[in-house]
Amino acid sequence: MQGSEPLEPPSPEVARLFLDEIEVIEQRREERIDRRAVAWQSIATAAVTAAIFTAYLLVVRAESSAAQPLLFLLLVTSQIIAGVGERNGLQWRTPRSKWWYTVFIVLFALAVVGTFFALLISPEARPMWAYFIPGAIMLVGFGGIGVVQLWKARGSAPAARPARDPIPLATRIATASVGLLLGLATLSIGIGDDLTTSIATLVLMMIVVGWFFAWRTDAGPAALGRYWRWPHFLAYALTVVVMVWANLQTVYSGPMATSTYLLFGALVAALLIGSAVLPERRVRDGQRP
C-alpha cells in the first residue's frame with residue numbers, strides 16, 4: 001500500500017516458528033482430506049459419467065430428440081458428484097509446476113469434444129462401435145487419474161473421518177424433489193411427440209437451473225452428495241439404470257406401453273422419495289454413523 005512502510009523482517013527464532021507452524025497447518029489439512037476416497041471417487045465418476053454419456057450418444061444415433069432426458073440426468077449426476085468431492089475434501093486445483101497435467105487435460109478435452117462432434121456429423125454413417133469411443137476416453141482419462149491418486153495414497157494411514165451430521169430436512173426434501181423430477185423425465189421418454197418431449201425437458205432444465213441458485217444451502221444440489229448415505233446412492237444408481245434402459249429400449253426396440261413408462265416413472269420417484277424418508281441409524285457414543 002502506498003504510504004506504508006514495509007514490515008521489519010522477523011528474527012531467525014520467529015522465522016523458525018513460522019516454518020514449524022506451516023508443518024502443523026499442512027498436517028491439519030491432510031487430516032481433513034481422504035485421498036483414498038478422492039481416488040475412488042475419480043474412478044467411480046469416470047465409470048458413471050462414461051456410461052451415461054455413452055448411452056446419450058447411442059440414443060442420439062437413433063433419434064436425437066429422445067436423448068434430452070439423459071442430458072438432464074447427466075447434469076444432475078455431475079452436481080451430486082461435486083457434492084461428494086466436497087465431503088471428501090476434494091479441491092479442484094492444478095498442481096504447481098506440473099505443465100504435463102495442463103497438457104493432459106487439454107488433450108483429454110480435445111479428444112472427447114472432437115470425437116463427440118465427429119459423431120454428430122452424419123451419425124447414421126458411423127458404425128455402432130464408434131459411439132463408445134468418447135465414453136472410453138472419459139473412462140481412461142478420469143479413471144486413470146483416480147488410479148494414479150490411489151497409487152500415490154498407498155501405504156498411507158486412512159484419514160480420520162469425523163461423525164457425519166444428520167441429514168437436514170431441506171436435503172431430504174431436495175432428494176424427494178429430485179425423485180419427482182427424474183420420474184417425470186422418465187415418463188417423458190414415452191411421450192412420442194418430439195415437441196411435447198422438448199417442452200417437458202426444457203421445463204425440467206429450467207427447474208434445475210433455478211435449483212442451482214441454492215448451491216450453498218442444505219437444499220442445493222451439492223448437499224445431496226455431502227449428506228447422502230449408501231441407501232441414497234444405491235437408490236440413485238438404480239434410477240440411472242432404469243432411465244438409461246428405458247431410453248435405449250425405446251429408441252432401438254420401439255416405444256413401450258404407456259403403462260410401462262408410468263410404472264418406470266413411479267419406480268424412479270419411489271426409489272428416491274423412499275430413501276429421503278428413511279430414518280437414520282442411531283449412533284452410540286464413540287461411534288460414527
Side-chain angles (χ1 to χ4, degrees), residues 48-49 51-83 116 120 123 169-225 228 232-233 235-252 254-277:
V48 174
T49 306
I52 299 177
F53 192 61
T54 301
Y56 172 80
L57 288 175
L58 290 174
V59 173
V60 168
R61 177 179 181 268
E63 187 178 351
S64 59
S65 61
Q68 296 177 10
L70 289 182
L71 184 61
F72 173 74
L73 179 65
L74 190 62
L75 185 62
V76 174
T77 302
S78 65
Q79 302 305 311
I80 295 174
I81 290 172
F116 175 76
L120 293 183
L169 177 60
T171 305
R172 293 182 179 273
I173 294 175
T175 302
S177 300
V178 169
L180 291 175
L181 292 177
L182 292 179
L184 292 175
T186 305
L187 183 60
S188 70
I189 297 173
I191 292 177
D193 182 71
D194 292 344
L195 178 60
T196 306
T197 302
S198 299
I199 293 175
T201 308
L202 178 62
V203 172
L204 292 175
M205 286 289 187
M206 292 176 64
I207 294 174
V208 171
V209 171
W211 183 35
F212 288 170
F213 287 99
W215 175 266
R216 302 311 308 175
T217 69
D218 290 337
L224 304 184
W228 273 6
H232 307 89
F233 287 109
Y236 189 78
L238 294 174
T239 294
V240 172
V241 171
V242 170
M243 290 189 66
V244 168
W245 183 86
N247 218 318
L248 291 173
Q249 176 73 15
T250 299
V251 298
Y252 283 98
M256 297 176 287
T258 303
S259 58
T260 304
Y261 293 106
L262 288 172
L263 178 62
F264 285 161
L267 176 61
V268 166
L271 282 170
L272 287 175
I273 293 175
S275 67
V277 299

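Worth knowing before you read on, the calculation uses all heavy atoms, side chains too, and leaves out hydrogens, waters and symmetry mates.
Note: Ile189 CD1 to Thr260 OG1 = 12.0 Å, rounded to the nearest 0.5 Å. Between the CG atom in Asp218 and the OG1 atom in Thr171 there is a gap of 4.5 Å [rounded to 0.5 Å]. The structure places CG of Leu73 at 12.0 Å from CG of Leu181, a figure rounded to the nearest 0.5 Å. Here the straight-line distance linking atom CG of Leu180 with atom CD1 of Ile273 works out to 4.0 Å at 0.5 Å rounding. For the atom pair CD1 of Ile207 and OG of Ser177, the computed distance is 9.5 Å after rounding to the nearest 0.5 Å. Here the straight-line distance linking atom CZ of Arg61 with atom OH of Tyr56 works out to 15.5 Å at 0.5 Å rounding.
Of all heavy-atom pairs between Val268 and Gly183, the closest is CG1-N, 3.7 Å. Shown here for Ala223 and Thr217, the closest heavy-atom pair between the two residues is CB-O, 3.7 Å. Considering all non-hydrogen atoms of both residues, Phe233 and Gly225 come closest at CZ-O, 4.2 Å. Residue Trp211 comes nearest to Ala219 through the heavy atom pair NE1-O, 2.6 Å, listed as atom of the first residue, atom of the second, then distance. Between Ala176 and Ala276 the shortest heavy-atom distance is N-CB, 4.0 Å. Nearest heavy atoms, Leu70 versus Val59: CD1-CG2, 3.8 Å.
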Steps toward side chain to side chain contact (heavy atoms under 4.5 Å, CB included) verdict (Leu267, Leu263): CA-CA 6 Å; Leu267 176 61; Leu263 178 62; 5.6 Å; no

Audit row: Phe212, Leu75, side chain to side chain contact (heavy atoms under 4.5 Å, CB included) steps and yes/no: CA-CA 11 Å; Phe212 288 170; Leu75 185 62; 4.0 Å; yes

Residues Val178, Ile80; criterion side chain to side chain contact (heavy atoms under 4.5 Å, CB included); working and verdict: CA-CA 11 Å; Val178 169; Ile80 295 174; 5.6 Å; no

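Using cut-offs of 30° and 60° on the angle between ring planes, the pair Trp228 and Tyr236 is tilted.
Residues Leu271 and Leu182 fail the side-chain proximity criterion, which asks for heavy atoms closer than 4.5 Å.
Listed by chain and number, the residues in a ring-ring contact (aromatic ring centres under 6.0 Å, His included) with Tyr261 amount to none (sequence neighbours excluded).
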Got a list of side-chain donor-acceptor pairs under 3.5 Å for residues 242-249, not counting sequence neighbours?
residue, atom, partner, partner atom, Å
Asn247, ND2, Ala66, O, 3.3

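Sorted by first and then second residue, the pairs that involve residues 169-186 and meet salt bridge (charged side-chain N to carboxylate O under 4.0 Å, His left out), not counting sequence neighbours, are Arg172-Glu280.
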